[in-house]
There are 2 protein chains.
Amino acid sequence: MQKETIFAGRLRQAGERISSPRLAIFRMLVRKGPIYVPRLVETMERSAIDSATTYRSIKLFRELGIIRDIVAGGKRLVELSDDYEGHHHHFWCRRCGSLIDFDSAAIEKSLVRVAADLGVTISSHQLEISGLCARCRTDSQ
Amino acid sequence: MQKETIFAGRLRQAGERISSPRLAIFRMLVRKGPIYVPRLVETMERSAIDSATTYRSIKLFRELGIIRDIVAGGKRLVELSDDYEGHHHHFWCRRCGSLIDFDSAAIEKSLVRVAADLGVTISSHQLEISGLCARCRTDSQ
DNA sequence: ATATTTGCAAATCGTTTGCATCACC
DNA sequence: GGTGATGCAAACGATTTGCAAATAT
């Protein structure tokens, strides 16, 4: 399993242990995609993993760049980083709540220009678009 | 005062009252720019405005599109919407935490294309770039 | 073997809610 | 004057922390 190999390598590299709760939480992230942390916590509790453990793992994963935060409709969600899912952004449908991944070479290119203009170094970026998805757009009329 | 006029009009239009706590909270948002809600709550408490009132107002302002949420370094902040501040995005410096506003016509243009490709209608979008600002980039070497 | 991580319980922080009182229209 | 907003207090939900016991290396 490729993703778990990357995961294990990243933990080892940071001198962190690959415990079974950590692995279980990682696997859940792989299965669920973007998820609201309290819901993830709740899910892990059903597998007898304590909420404190889940919160501590999430914090660690974030620090190690294994996950990142995204925002959909004002709510903060976590998802696996680009290392696992490839670079992408999200469209969030205000009506049905669905998330659609996308990527745009044009936008990525524009960012390089923005960084130069501001005189900054970009280490990451995130973009969220919201509106109505194709289906909801049709349904609403 | 232009901004307060827009604010008052928006509340009136929605059939909401222009109370003195609401106005005080709005003024604080004008003064402080992007702010972490618990800090705003704390600040308003020093002006004898109850936390429940601040939370209720923030919720109302969000629903009416007076404010919007942004994310900087995993934290959710609120700021006045485009109606008050003009359209822009943020660069967040990982080292010093400063926020820099920017806008890019090229990115805005790319978004139109993305929407067409996905078949969606865009009602809003937000972009956060993070990395090192000009000063921190220099200081770190 | 031993240093880290976990689970539990309790503390803490952030946010919402019910209800009597007060203020805007 | 009447309806809706506020303040207070209490409840609730999300997150962190201390510490003894369990576990990965």
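Sequence lines set the chain letters: A, B, ... in the order given, protein chains first and strands last, and positions in each chain run from 1. Heavy atoms only: backbone and side chains are in, while hydrogens, waters and symmetry mates are out.
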Short N-O contact, [X] and [Y], less than 4.0 angstrom:
X        : Y        : value
B/Asp117 : B/Arg113 : yes
B/Glu85  : B/Arg68  : no
A/Glu79  : A/Lys32  : no
A/Glu16  : A/Arg10  : no

Span of DNA chain C in contact with chain A (heavy atoms, under 4.0 Å): C/dA3 to C/dC8

Protein-nucleotide distance ([X], atom [atom1]; [N], atom [atom2]), rounded to Å:
X       : N      : atom1 : atom2 : result
B/Tyr36 : D/dT15 : OH    : C1'   : 10 Å
B/Ile49 : D/dA5  : CD1   : C1'   : 12 Å
B/Leu23 : D/dA5  : CG    : P     : 15 Å
B/Ile18 : D/dT6  : CD1   : P     : 12 Å
B/Tyr55 : D/dG13 : OH    : C1'   : 12 Å
A/Lys59 : D/dT15 : NZ    : P     : 13 Å
A/Asp69 : D/dT15 : CG    : C1'   : 14 Å
B/Glu16 : D/dA5  : CD    : C1'   : 9 Å

Partners passing salt bridge (charged side-chain N to carboxylate O under 4.0 Å, His left out) against B/Glu63 (at least two apart in sequence or in another chain): none

Residue closer to the 5' end of DNA chain C, B/Arg12 versus B/Ala52 (nearest nucleotide): B/Ala52

Given DNA chain C, 5'-ward residue of the pair A/Gly15 and B/Asp50, judged by closest heavy atom: A/Gly15

Rounded (10°) bend between the five-pair end axes of the helix from C/dA1-D/dT25 to C/dC25-D/dG1: 50°

Contact under 4.0 Å: A/Ser51 side-chain N or O vs D/dT15 OP1/OP2: no

Touch class at under 4.0 angstrom, heavy-atom based, for A/Arg56 against every strand present: base

Full working for ring pair (Phe, Tyr, Trp, His ring centres under 6.0 Å) between B/Phe7 and B/Phe61: CA-CA 10 Å; B/Phe7 171 69; B/Phe61 291 1; 5.4 Å; yes

Side chain proximity check, A/His125 to B/Glu128, heavy atoms < 4.5 angstrom: no

